[in-house]
Structure formats: C-alpha cells, structure tokens
Amino acid sequence: ERRGSRRTDERGRVRASDVFVGDYVVGLDVAGSQSDLFRTRSTEVTVREDDPTTATVQASFEWRVPEATRDRIRRLRREVDGLSEQSGRDTAFPGYYGSVVGRLLDLVEALPQYGHLFATGEHRPDDVADALLDAAEDGISRVNTAMTTKRNVDMFAACADMASVDPQWEGDVLTHEAYFDYVDADVDSELTGRIERTRSRIDDERADLSEVEPTTEMWEHARELFQETRREREPLAKAARALLVAGLLDAVEHSFDRRELRERMKRTVF
C-alpha cells in the first residue's frame, strides 16, 4: 500500500530499493481492456535488511483458439494442400509457395503461446487471428493465380516426369513478433526495399536458367499485394498483408537456392 503500483519494464520486471523490512503480498494486474485475457496469482515475499529478495509473480494467458476459427484453419489447410494436388503436373513450386501461407495458419494456431504480446497492447487475439486468416485466404488465391498462368502450367506439365518433391519454405520472417512490429511501424520503406532486392535477384539469375516464370509471377503478385496493403487503413489487416508480402518475397529469393527448384528452372525447355 505504501509503494502503490508500478509498471514492469519490457521484460516484465520491477526493481525497488527502498522497501521496508517485512512481509509482503506481491500481485500483478494486467491493465486496460486486456485484463479478461489473463489470470494472475499473488505471492508472499519476506524482505530482510541488506538482503536482496526476488519474487516471481505468474500470469497465465487464458485465450484459446475458438472452434469456429479452428474450422476455418482446417478449411484453409485443405485449400493449401490443393495447390499441390494437380494431376499431370509437377507441383513443387505451387506447394513451395503454398507453404508460406501455411505458416500464417501456424501463427494463428500458436497464438495461445504468445500472451505476452497482448499484455501491453490494445489488440484482441480474436481480431489478430481473423486478420491473419484473411491474409492467408488472399495468399492462397494469389499463389493459385500465379502458378496457373499458361507458361507455368506448360512448364509444370513438362516437369511431370521429374522425381516428385515437396519443398517447404524455411524462411524466418513470419513470426508473431514481426507481425506486431508491422502493426506499430510504417513498413512501406522496408517492403519497397525487399521488392527491389527480390527483382534484382531474379534478373541476376535469369541468364543461368531456362525459365524463371514461377518466380516472376509470384513476385508480380507480391508487388501487387503490397500496393493494396499500402492503401489498407485497418492496422491489423495491414500488418497481416505486409507479413504475407514479406514471406512471399523471401520465398521467391530463396527458391534460387533450393536445388530441387533450381533444377526445374534450369533443365526445363518447352
């Protein structure tokens, strides 16, 4: 009662050096509109003279992915799987870009493990989940459109006799922390730089490969999505779309480093 309440630092810590000797009850409150998302527990601590004392107070994130959201995730996963289920065509590239979208779905499923990101913000996990799933739905459509141009269809048909592979994108730009950074920051300059860098990589690789259509088409759709993202006013939706753009561009760049994908671009003549 003498000390009142104090805010934790970004790592959830509070330090006090002028506390009277005695027994205390230490508790934690999650302030504002997020308080209903957490259950907190108090703890007792004894402060002795000239003896540093540490108390750990626990708070658990109580939000869980709603069943309706889980149903939507399952539906979208089926659509992602459908990208690599084309008869008579090689599906290495559609499956590879589809795995970027799959990572957005993973982010939603893992939200209950990231309660600390909601403790000091104003955004609700249900709204974050909806924004990420909306972006995933858009991403499935864009990957499908990019991979079904006539040139890509012809290329994938020509690759049908190659050994079947299922390459997964392994980039690290799709994280919960990155998403919330995008919510709070102006990402235009960062993504503009990514778009330019990815285009330069495509141009640098073009001379060594027979076909780069899977990368140029995906780059075009990512660039188009970025232009739409810049006009988005709702911060959660904008951050989700920006995250998808970053993931697709990273996948395009790294496709040249994947032996099984490079082999398809290098060997195919049709």
Do any side-chain atoms of residues 218-225 form donor-acceptor pairs under 3.5 angstrom with protein atoms, and if so which ones, sequence neighbours left out?
{"unit_1": "Trp219", "atom_1": "NE1", "unit_2": "Ile195", "atom_2": "O", "d": "3.1"}
{"unit_1": "Glu220", "atom_1": "OE1", "unit_2": "Arg223", "atom_2": "NH2", "d": "2.9"}
{"unit_1": "Glu224", "atom_1": "OE2", "unit_2": "Arg142", "atom_2": "NH1", "d": "3.3"}

Worksheet entry | Step-by-step side-chain contact (heavy atoms from CB on, under 4.5 Å) determination, Glu49 to Val21 | CA-CA 6 Å; Glu49 186 174 3; Val21 167; 4.0 Å; yes

Donor-acceptor contacts, no H, no angles, side chain residues 171-179, under 3.5 Å, sequence neighbours left out:
{"unit_1": "Thr175", "atom_1": "OG1", "unit_2": "Ala178", "atom_2": "N", "d": "2.9"}
{"unit_1": "His176", "atom_1": "NE2", "unit_2": "Leu107", "atom_2": "O", "d": "2.8"}
{"unit_1": "Tyr179", "atom_1": "OH", "unit_2": "Leu236", "atom_2": "O", "d": "2.9"}

Is it true that, when you exclude [X] itself, more than 12 heavy atoms of the residues, nucleotides or ligands shown sit nearer than 6.0 Å to its [atom1]?
X: Arg41; atom1: CZ; answer: yes
X: Glu44; atom1: CD; answer: no
X: Arg74; atom1: CZ; answer: yes

Discussion item. Quick one, Asp138 with Arg241, criterion side-chain contact (heavy atoms from CB on, under 4.5 Å). Give me CA distance, side-chain angles, the key distance, then yes/no.
Written reply: CA-CA 9 Å; Asp138 192 6; Arg241 289 171 177 267; 2.9 Å; yes

Fill in: With Val128, the side-chain contact (heavy atoms from CB on, under 4.5 Å) member among Val108, Leu117, Leu111
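Exactly one candidate clears the test, Leu111.
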
Discussion item. My understanding is that only residues two or more places apart in sequence, or in another chain, count here; which of them pass ring-ring contact (aromatic ring centres under 6.0 Å, His included) with Phe226?
Written reply: none

Kindly say whether [Y] contributes a backbone atom to a donor-acceptor pair with the side chain of [X] at under 3.5 angstrom?
X: Thr91; Y: Glu85; value: no
X: Arg264; Y: Phe156; value: no
X: Ser164; Y: Met162; value: no
X: Arg262; Y: Phe256; value: yes

Item to complete: Drop me the distance from Thr215's OG1 to Leu261's CG, to the nearest 0.5 angstrom.
Response: 10.5 Å

Salt bridge or not for [X] and [Y], using N-O below 4.0 Å?
X: Glu253; Y: Arg194; answer: no
X: Asp154; Y: Arg151; answer: no
X: Arg75; Y: Asp71; answer: no

Fill in: Chi angles and distances behind the salt bridge (charged side-chain N to carboxylate O under 4.0 Å, His left out) call for Arg7, Asp29
CA-CA 10 Å; Arg7 290 186 64 85; Asp29 290 325; over 6 Å; no

Worksheet item: For residues Glu190 and Thr192, is any side-chain donor paired with an opposing acceptor at under 3.5 Å?
Response: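 No donor-acceptor contact under 3.5 Å links the two side chains.
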
